[in-house]
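Numbered from 1 within each chain, the chains take letters A, B, ... in sequence-line order. Computed from a prediction, not measured in an experiment: that's the story for all the values here. When reading the values below, keep in mind they use all heavy atoms of this one structure, side chains included, and skip hydrogens, waters and symmetry mates.
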Protein chains: 2
Amino acid sequence: MGYPVGRAAELAGVTVRTLHHYDEIGLLTPGGRSAAGYRRYDDADLERLQRILLYRELGFTLEEIAVILDDPDTDPRAHLRRQHGLLLDRIARLRQMVAGVEFLMEAHKVGVNLTPEEKFEAFGDFDPDAYAAEAQERWGDTDAYAQSARRTSGYSKDDWVRIRAESEDLNARWVAALDAGEPAEGRVAMDLAEEHRLQITKFYYDCSYEIHTGLAEMYLADERFTANYENQRAGLARFVHDAILANAVARA
Amino acid sequence: MGYPVGRAAELAGVTVRTLHHYDEIGLLTPGGRSAAGYRRYDDADLERLQRILLYRELGFTLEEIAVILDDPDTDPRAHLRRQHGLLLDRIARLRQMVAGVEFLMEAHKVGVNLTPEEKFEAFGDFDPDAYAAEAQERWGDTDAYAQSARRTSGYSKDDWVRIRAESEDLNARWVAALDAGEPAEGRVAMDLAEEHRLQITKFYYDCSYEIHTGLAEMYLADERFTANYENQRAGLARFVHDAILANAVARA
DNA sequence: CGTGCGCCCTGCCGCTACGTGAGAGTCAAC
DNA sequence: GTTGACTCTCACGTAGCGGCAGGGCGCACG
């Protein structure tokens, strides 16, 4: 009983070498060996293999996959839900790119000349807030992120333009507040924080005060977000962070 | 004029090292250099870079991308259309995987026990006919494939179950015909060929006799398809091929 | 005028996730 | 008992960069 390596590879649609590799690095060790030393894969092995391949398709490294799969308090159902969410997210991202290509096709047809900046923007260096939901969910397991993916996947090109405009507007006002020397715990900054929270709720997912403070922490901890704010104004990341916390404490 | 490497990298959302690498392998050589030997990227370079990144996201190797981009008779519009189609295809594939995950979740909830084969099938080693459209279009430039992607992306889990069932039913009858010793140019085989053509039209895209014969050739030429048929019965690939050709000649 | 500081250059070594043999044993079939 | 398909274990090769070393630019600031 159990499948030999060739059969397992065929079933999963991978090469024998790949299975050898996974065995070498300890990612997928077959349940047993025959007398002659042949690998024998049982049903549990194949189930694990399937999960590996799905996470791999989603862009995780083999090391990350090992961590995810060997986490003791993640049952099969949690894996399926997470994979489901991540897949929806990928689709949302691809849809955004489709919208970008359609936008460029339009521009080309009408003969509009776009600056390089505009061209790259068409695809979006993915919006930080949408991205945040992903990061949040990647290891957590709420459904804020799945909600985000579901909603963003329904957005049209025009929607994205509107969303981008509103986001940039709010951003400009953050910068203005910082430049004006507003205190992060003051009325103005806290109102901006509240507006920020409502904007996320409106476009992506229900952003509670708790989630919002979580985002604020990430704005400081994750350099991708830090850079996003700091590129606009030195100290802006910390300013936004502090304002969000003050706002959450005051209103919650 | 022209952007320095750091600025170009920032615009495109890649690292400087990546641009160096593309320069090294000749995939993207900056339009000029400053007096001090600094790379200077002009607008045309950035446009090329954007195309590179999109094709890369779609899974092409850098070498393949070079071939695609340096093909003299592919204008910007053709690139956009191709990218648009390929993106829709990726989305369709991911949707199929989503459906697969949902199917597994259902099965898990109801407590159904699936064999490993069934589990891997849930995601589909992608249906050959849908795949065919892709291969057809990847280098050609009709829109059969885009049509296929558009339609399949709208299919639900239940739809896929039905499609799979119908496909397998037809497949079984091909096998039966071959086993029964039916001639490939006979009535029975030709009727199966016609049914095959209509099934593709129904589920994926308008399959003309011309396209159909194209598919038949591919069933013999591309080992992924050959294997698909030969795994069921030796000689089946050739049998299907001959029947499709006979049918096309007789009816067209 | 020099002296940081940030950006740029060219090697070059390292890493991941395998591909691709080489050389040898295994197993079912004829 | 031999053939052909499958398996094993080294072991080196490859793609697409990441990251660091050692060294030039270039402009501001004192």
Side-chain angles (χ1 to χ4, degrees), chain A residues 1-42 45 48-49 51-69 223-224 227 230-231 234, chain B residues 1-42 45 48-49 51-69 223-224 227 230-231 234:
Chain A
M1 62 173 199
Y3 306 82
V5 64
R7 176 75 182 131
E10 190 190 356
L11 272 173
V14 299
T15 67
V16 169
R17 181 65 179 90
T18 299
L19 294 182
H20 281 174
H21 182 60
Y22 291 170
D23 191 4
E24 272 175 39
I25 65 174
L27 177 58
L28 179 66
T29 312
R33 294 267 187 153
S34 78
Y38 285 20
R39 278 164 255 254
R40 314 252 68 181
Y41 292 86
D42 57 35
D45 295 331
R48 184 177 171 90
L49 176 54
R51 280 186 203 133
I52 291 171
L53 296 180
L54 228 163
Y55 281 119
R56 188 186 67 167
E57 180 101 9
L58 286 166
F60 289 88
T61 69
L62 298 185
E63 204 175 318
E64 287 169 337
I65 295 175
V67 173
I68 296 174
L69 292 185
E223 54 176 327
R224 289 172 308 188
E230 294 299 306
N231 280 345
Chain B
M1 62 171 199
Y3 305 84
V5 65
R7 177 74 183 132
E10 191 190 355
L11 274 173
V14 300
T15 67
V16 170
R17 182 65 181 83
T18 299
L19 294 183
H20 282 174
H21 183 60
Y22 291 171
D23 191 3
E24 271 175 41
I25 65 174
L27 177 57
L28 179 66
T29 311
R33 294 267 187 155
S34 77
Y38 286 19
R39 276 164 256 254
R40 313 251 70 183
Y41 292 85
D42 57 35
D45 294 332
R48 184 177 170 91
L49 175 54
R51 280 185 204 135
I52 290 171
L53 296 180
L54 229 163
Y55 280 120
R56 187 186 68 167
E57 179 100 9
L58 286 166
F60 289 88
T61 68
L62 299 185
E63 205 176 317
E64 287 169 337
I65 294 176
V67 173
I68 295 175
L69 292 184
E223 56 174 327
R224 290 172 308 187
E230 293 300 303
N231 280 345

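- Listed in residue order, the members of residues 19-32 of chain A having a heavy atom less than 4.0 Å from DNA chain D are A:His20.
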task = Test side chain to side chain contact (heavy atoms under 4.5 Å, CB included) on A:Leu49 and A:Leu19 and set out the steps.
result = CA-CA 9 Å; A:Leu49 176 54; A:Leu19 294 182; 3.9 Å; yes
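- Comparing A:Val5 and B:Val16 along DNA chain D, the residue whose closest nucleotide (by nearest heavy atom) sits nearer the 5' end is A:Val5.
- For A:Thr18, no side-chain nitrogen or oxygen approaches OP1 or OP2 of C:dA17 to under 4.0 Å.
- As a whole-Å value, the separation of A:Tyr41 OH from D:dT7 C1' is 12 Å.
- A donor-acceptor distance shorter than 3.5 angstrom exists from the side chain of A:Arg48 to the backbone of A:Leu27, with no hydrogens or angles considered.
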Worked check of side chain to side chain contact (heavy atoms under 4.5 Å, CB included) between A:Tyr38 and A:Val5 = CA-CA 8 Å; A:Tyr38 285 20; A:Val5 64; over 6 Å; no
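- Counting only heavy atoms from C-beta on, B:Arg33 has its side chain closest to C:dC9 among C:dT16, C:dC9, D:dC17.
- The CD atom of A:Glu64 sits 12 Å away from the P atom of C:dT16 (whole-angstrom rounding).
- For C:dT20, its base sits under 3.5 Å from the side chain of A:Arg17 at one donor and acceptor pair at least.
- The structure places NE2 of A:His20 at 9.0 Å from OG1 of A:Thr15, a figure rounded to the nearest 0.5 Å.
- Comment: A:Arg33 engages A:Asp23 in a salt bridge, judged by a side-chain N to carboxylate O separation of less than 4.0 angstrom.
- One can place CD1 of B:Ile52 at 14 Å from C1' of D:dC17, the figure rounded to the nearest angstrom.
- One interatomic measurement links the two molecules: CZ of B:Arg39 to P of D:dC25, which rounds to 15 Å at whole-angstrom precision.
- Between the side chain of A:Asp45 and the backbone N or O of A:Gly31 there is at least one donor-acceptor pair closer than 3.5 Å.
- Here B:Arg40 lies out of heavy-atom contact (under 4.0 Å) with every strand.
- Residue B:Arg56 places at least one side-chain N or O under 4.0 Å from the OP1 or OP2 atom of D:dC17.
- When the side chain to side chain donor-acceptor pair (under 3.5 Å) test is applied to B:Asp42, no partner is found at least two apart in sequence or on another chain.
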Where protein sits on nucleotides 23-30 of chain C, one letter per nucleotide: B base, S sugar-phosphate only, - none, heavy atoms under 4.0 Å = --BBS---
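- Ion pairing of A:Arg56 with A:Glu64 is absent here, as no side-chain N (NZ or NE/NH1/NH2) approaches a carboxylate O to less than 4.0 Å.
- In this structure, A:Leu53 atom CG and C:dC18 atom C1' are separated by 13 Å, rounded to whole Å.
- Aromatic ring centroids of A:Tyr3 and A:Tyr41 lie 6.0 Å or more apart.
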